[in-house]
Amino acid sequence: MTLLKAEFFNRDPRRVARALLGKLLVRKTPRGILAGRIVETEAYLGKNDDAAHAAAGKTARNAVLFGPPGHAYVYFIYGNHYCLNVSCLPDGVPGCVLLRALEPVSGIEQMAEARGLDGAKQIDLRKISFLKKISSGPGRMAEAMEITRERDNGKSLVSERSDLRLVDGGYRVRRVTVTPRIGIVKSAELPLRYFIARNPFVSGRRVP
DNA sequence: TACATGATGCCCT
DNA sequence: GGGCATCATGTAG
């Protein structure tokens with residue numbers, strides 16, 4: 001288990017998006033440790049990418065994208081959901097990777113609770129169909145990891161002091177599939193979505 | 001100050 | 001497979 005270095009993110013978001021597959025997102029909470037393996041990402045470029053929040057220039061909202069690499073850019077979307085991105089490239093140059101889906105690894109019951117999946121229905125951690133509902137999709141993933149803009153935006157993901165970190169757990173990715181990004185209209189044709197081939201926890205369409 | 005819109009997910013069919 | 005909830009943000013006026 002090694003914490004990723006800021007330098008890991010100090011390069012083109014397309015390379016970071018691919019390299020992040022198989023890494024772990026770890027959250028320390030008062031109740032316990034939550035962790036999930038990254039199985040799906042999307043790259044957002046600074047320029048020549050109309051879908052990127054940074055495309056229109058720096059604002060109060062997207063300032064993190066223009067800051068140093070390895071920091072959390074969290075934004076609220078559709079009035080319901082948060083999405084977690086990691087800033088890339090050197091200070092002053094925008095770019096990021098959107099984390100889209102996790103395979104739950106530890107603290108799974110707490111993650112399910114954070115998603116509101118407990119209660120009437122009983123939790124069955126052996127069923128893939130149940131586990132997929134926990135963090136397969138950017139909004140779901142953020143909710144399961146208890147990520148909010150207020151709590152996490154601007155936070156370093158590569159600091160020993162941070163309660164939200166990206167670490168290398170030694171998992172080897174066999175094969176990566178690349179497709180266009182999901183849920184956008186502008187620049188939708190660009191092949192900037194990456195996921196672990198045949199992994200069941202990937203969200204949305206699994207074929208181009 | 002108003003308004004259009006979106007890097008989504010849930011629920012129903 | 002499709003409709004819809006729900007609101008922060010940015011841009012126009």
Side-chain angles (χ1 to χ4, degrees), chain A residues 9 12-14 16-18 20-21 25 36 38-67 71-89 94-104 111-121 123 128-154 157 166 177-195 200-208:
Chain A
F9 301 96
D12 190 293
R14 287 167 286 204
V16 177
R18 189 182 283 266
L20 272 178
L21 295 176
L25 178 65
I38 298 166
V39 299
E40 179 183 358
T41 60
E42 284 180 0
Y44 285 85
L45 315 179
K47 46 188 176 182
N48 303 325
D49 183 2
D50 292 332
H53 285 186
K58 187 175 178 179
T59 65
R61 175 212 201 187
N62 66 20
V64 177
L65 297 178
F66 292 78
H71 289 248
Y73 170 54
V74 182
Y75 65 90
F76 192 58
I77 190 73
Y78 296 125
N80 287 324
H81 310 286
Y82 290 100
C83 294
L84 173 65
N85 303 253
V86 191
S87 62
C88 298
L89 297 168
C96 69
V97 171
L98 169 68
L99 305 187
R100 287 193 52 93
L102 300 179
E103 175 176 346
M111 291 168 71
E113 279 177 37
R115 289 270 296 113
L117 297 175
D118 56 335
K121 297 173 185 173
I123 297 178
I128 293 273
S129 59
F130 177 80
L131 293 172
K132 279 178 68 171
K133 288 187 282 194
I134 296 177
S135 51
S136 177
R140 294 174 169 188
M141 188 201 87
E143 192 174 26
M145 297 300 280
E146 302 179 15
I147 289 165
T148 66
R149 179 177 171 330
E150 294 71 22
R151 183 185 293 156
D152 300 305
N153 190 51
L157 300 174
L166 287 164
T177 304
V178 184
T179 76
R181 294 172 294 185
I182 289 182
I184 59 174
V185 177
K186 302 165 195 163
S187 300
E189 73 287 355
L190 301 177
L192 295 177
R193 173 174 175 245
Y194 305 81
F195 59 84
F201 297 95
V202 171
S203 72
R205 287 166 60 83
R206 282 201 282 274
V207 288

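Here is the naming used below: chain letters follow the sequence lines, and residue numbers restart at 1 for every chain.
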Q. For Arg61(A), which contact category applies under a 4.0 Å heavy-atom criterion: base, sugar-phosphate, or nothing?
A.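 Sugar-phosphate contact only - Arg61(A) comes under 4.0 Å of backbone atoms but never of a base.
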Q | G-U wobble or Watson-Crick pairing nucleotide for dA7(B) (cut-off 3.5 Å, both distances) | A |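 Paired with no nucleotide.
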Q. Strictly by modelled atom types, are Tyr82(A) and Glu146(A) linked by a side-chain donor-acceptor pair under 3.5 Å?
A.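 The answer is no; no qualifying pair exists.
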Q: May I ask you to say whether Asp12(A) pairs ionically with Arg18(A), meaning some side-chain N is under 4.0 Å from a carboxylate O?
A: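 Salt bridge: no.
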Atom-pair distance ([atom1] on [X]; [atom2] on [N]), nearest Å:
{"X": "Glu42(A)", "N": "dT8(B)", "atom1": "CD", "atom2": "C1'", "value": "12 Å"}
{"X": "Lys186(A)", "N": "dG10(C)", "atom1": "NZ", "atom2": "P", "value": "12 Å"}
{"X": "His81(A)", "N": "dA7(B)", "atom1": "NE2", "atom2": "P", "value": "13 Å"}
{"X": "Arg115(A)", "N": "dG9(B)", "atom1": "CZ", "atom2": "C1'", "value": "8 Å"}
{"X": "Tyr75(A)", "N": "dT8(B)", "atom1": "OH", "atom2": "P", "value": "6 Å"}
{"X": "Asp50(A)", "N": "dG6(B)", "atom1": "CG", "atom2": "P", "value": "13 Å"}
{"X": "Asn62(A)", "N": "dT9(C)", "atom1": "CG", "atom2": "P", "value": "11 Å"}
{"X": "Asn85(A)", "N": "dT8(B)", "atom1": "CG", "atom2": "P", "value": "11 Å"}

Q. Which residue lies toward the 5' end of DNA chain B, Ser136(A) or Val185(A), if each is placed at its nearest nucleotide?
A.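 It is Val185(A), whose closest nucleotide lies nearer the 5' terminus.
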Distances under 3.5 Å between nitrogen or oxygen atoms of protein and nucleotides 6-8 of chain C:
residue : atom : partner  : partner atom : Å
dT6(C)  : O2   : Tyr78(A) : O            : 2.4

Q) Are there more than 12 heavy atoms of other residues, nucleotides or ligands under 6.0 Å from atom CZ of Arg181(A)? A)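 It does: Arg181(A) CZ has more than 12 such atoms within range.
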Q | Arg100(A) NZ/CZ over Tyr194(A) ring centroid, <6.0 Å and within 45° of normal | A |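 Cation-pi check for Arg100(A) and Tyr194(A): fails.
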Q: Have a look at Arg193(A) and tell me which of Thr41(A), Val178(A), Val202(A) forms a side chain to side chain contact (heavy atoms under 4.5 Å, CB included) with it.
A: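 The option that passes is Val202(A).
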Q: Give me the one residue out of Val97(A), Leu190(A), Ile184(A) that meets side chain to side chain contact (heavy atoms under 4.5 Å, CB included) with Tyr44(A).
A: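 Going through the options one by one, the only one that passes is Ile184(A).
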Q) Does Arg140(A) put a side-chain nitrogen or oxygen below 4.0 Å from OP1 or OP2 of dC10(B)? A)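 Answer is yes, contact under 4.0 Å.
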**Q.** OP1 or OP2 of dA7(B) under 4.0 Å from side-chain N/O of Arg193(A)
**A.**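 Indeed not, no polar side-chain atom of Arg193(A) lies that close.
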Q: Step through it carefully: locate the ring centre of His53(A), locate the ring centre of Tyr73(A), and say whether they are under 6.0 Å apart.
A: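 Close enough - the centres of the two rings lie under 6.0 Å apart.
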